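Structure first, commentary second.
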Amino acid sequence: MPATTSVSESELRTILAKRSGLDEDALWSPVFHAVRVSGLSWPLTGKQAEEVLSGLLDSLRRVVPPPVQDGQDDRRRGYVYLSEITDRYERCDTRRILERIQRAGITPAGPAFGGEDYDPRSESGWGARPSSAADHGDKPSWTWWRAVREAGPRPYYRMPDPYVGEGSPPVDRALDLRERTGNDTAYREALLEAVREDLRQVDCWAHLGSHAFERGGSDDSALSEALGFYQTAVAVAELSLPPAFHGVLAWGELDNRPFHRALHGLGLTWRRLGETAKAKAVFGNSLWTNPDDNQGVRYLIGR
């Protein structure tokens, strides 16, 4: 905006709401405190307003720190939290969504399959393969598999029920709507309505990401949109994980699949955007938590 522009408090909130996608009523406190801390007074000049807006947008996107483990430092290989991979969310509302869920109470992941452990040296699944083997004539990196074998047995976990409430899951209703009508706009709106009603709908966040990702070839903004949805899905799911998570989230446990879909989509989106290190970290999480690799992630990680 022009440096000579005069910007009032209400005008700044309106501009911030438009740029952040947040409701204007939720921005009273951030705007008030940002200007107060800056030592500025109303009205702001255009230059001052831009500086305040830049700081506010940056703070709104700042990631929630990873959970801290009490007691002794655990240096074993474990799950790498999203906030250890990036320092900013793509969406301005992701942090607020997480804070709202935390205030309401988090349902933690629990033991799966009767408390059994995943044994990487079992004769079932990949456990029967030598760690240096190639696969189907290709030469994927098996570094991830060597790390899994070296970690030894790890407990199976199950994520909390991703479809809270009675009746068919919202994601199924949205998918059925698209199949019956072929209306992509109505499908997207049904998913958005589901996450507005319940912020914990990880699968709906992930399907919103998938819907945006599909448009990535023809819409320049679609990949950014997909990134924001996938990050939100992953971050919401991560709230249920304990600090320094070392467990296995098997694909065979149906409640784990929305989280795996979100991880897979996030990795693909970062890969498409050229953020290869971030993509590799996310794909590493997929393989670490689901070593049976039902999604074929091993072909995406490179060497």
Side-chain angles (χ1 to χ4, degrees), residues 16-17 19-23 26-27 29-31 33-34 37 52-70 73-74 77-109 159-160 195 199-202 204-206 208-209 212-213 221 223-246 249 258-286 288-289:
L16 181 59
R19 294 189 187 182
S20 68
L22 299 177
D23 188 84
L27 299 173
S29 180
V31 168
H33 287 292
V37 168
V52 171
L53 285 167
S54 177
L56 282 166
L57 289 168
D58 184 70
S59 66
L60 288 170
R61 294 175 55 229
R62 196 168 299 145
V63 298
V64 174
V68 178
Q69 184 179 28
D70 295 330
D73 183 23
D74 190 342
R77 160 71 191 272
Y79 179 88
V80 182
Y81 288 86
L82 181 59
S83 52
E84 299 174 284
I85 299 172
T86 184
D87 61 355
R88 295 293 184 275
Y89 299 122
E90 190 69 16
R91 292 174 61 93
C92 289
D93 62 349
T94 300
R95 184 184 180 96
R96 288 179 169 234
I97 287 168
L98 302 179
E99 291 170 346
R100 285 179 61 186
I101 294 173
Q102 287 174 320
R103 287 195 296 269
I106 298 167
T107 304
M159 296 295 284
V195 296
L199 299 172
R200 300 167 297 172
Q201 293 284 349
V202 173
C204 288
W205 286 115
L208 282 164
F213 187 85
S221 65
L223 287 180
S224 174
E225 184 181 346
L227 180 62
F229 285 135
Y230 280 132
Q231 284 180 338
T232 304
V234 169
V236 169
E238 285 180 348
L239 291 176
S240 294
L241 299 181
F245 180 61
H246 301 289
L249 297 166
F259 186 24
H260 285 304
R261 282 192 280 269
L263 285 171
H264 187 247
L266 177 57
L268 288 175
T269 304
W270 259 328
R271 185 170 183 249
R272 184 88 166 268
L273 289 167
E275 297 278 4
T276 54
K278 292 177 180 177
K280 188 169 183 178
V282 174
F283 291 144
N285 278 336
S286 293
W288 178 252
T289 56

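This structure is a prediction, so every number in the text was calculated from the model and none was measured.
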#### Entry: Reported CZ-to-CG distance for the pair R91 and L22, which is rounded to 0.5 angstrom
9.0 Å
### Task
Check for a donor-acceptor pair, side chain of Y81 on one end and backbone N or O of P65 on the other, with a separation under 3.5 Å.
no
### Query
Between L82 and V63, is any pair of side-chain heavy atoms under 4.5 Å apart?
no
### Query
In Å, rounded to the nearest 0.5 Å, how long is the span from CD1 of I97 to CG of L199?
5.5 Å
### Message
Counting only heavy atoms not in R200 (residues, nucleotides, ligands), do more than 12 fall under 6.0 Å from its CZ?
### Response
no
#### Entry: Exam field: side chain R95 to backbone R62, donor-acceptor pair closer than 3.5 Å
yes
### Task
Check whether any side-chain heavy atom of E275 sits under 4.5 Å from a side-chain heavy atom of L227, and report yes or no.
no
### Non-hydrogen atoms of M159 and S240 that approach each other most closely
CE-CB, 4.0 Å
### Sidechain-backbone polar pair: S59 side chain, L56 backbone, donor-acceptor under 3.5 Å
yes
### Message
Could you tell me if the side chain of E238 sits less than 4.5 Å from the side chain of F245, heavy atoms only?
### Response
no
### Task
Might you point out which heavy atoms bring L98 and V236 nearest each other, and give the distance in Å?
CD2-N, 3.7 Å
### Message
Using the rule given for side-chain contact (heavy atoms from CB on, under 4.5 Å), can you reason through T86 versus Q231, listing the C-alpha separation, both sets of side-chain angles and the distance that settles it, and then say yes or no?
### Response
CA-CA 10 Å; T86 184; Q231 284 180 338; 4.2 Å; yes
### Message
So, taking the atom named CD in E225 and the one named CG in L208, what distance separates them when rounded to the nearest 0.5 Å?
### Response
8.0 Å
### Query
When rounded to the nearest 0.5 angstrom, what is the spacing between CZ in R61 and CD in E90?
5.5 Å
### Summary
Rounded to the nearest 0.5 Å, the CZ atom of R272 sits from the CG atom of L268 at a distance of 9.5 Å
#### Entry: For the student: nearest non-hydrogen atoms of L239 and I106, plus distance
O-CG2, 3.2 Å
### Least distance between heavy atoms, I85 atom then A281 atom
CD1-CB, 3.8 Å
### Message
Looking at every heavy atom in both E84 and P66, which two are closest together, and how far apart are they?
### Response
CG-CG, 4.0 Å
#### Entry: Heavy-atom pair with the smallest gap, counting every atom of A206 and A233
N-CB, 3.9 Å
### Message
Would you call the rings of W205 and F229 parallel, tilted or perpendicular, taking 30° and 60° as the class edges?
### Response
tilted
### Task
Ignoring hydrogens and angles, tell me if any N or O in the side chain of T94 forms a donor-acceptor pair with the backbone of T232 under 3.5 Å.
no
### Query
Between the side chain of N285 and the main-chain N/O of V80, is any donor-acceptor distance below 3.5 Å?
yes
#### Entry: Spacing of CZ belonging to R100 relative to CZ belonging to R96, to within rounding of 0.5 Å
10.0 Å
### Task
Could you go through the side-chain contact (heavy atoms from CB on, under 4.5 Å) check for L57 and S20 one step at a time?
CA-CA 7 Å; L57 289 168; S20 68; 3.9 Å; yes
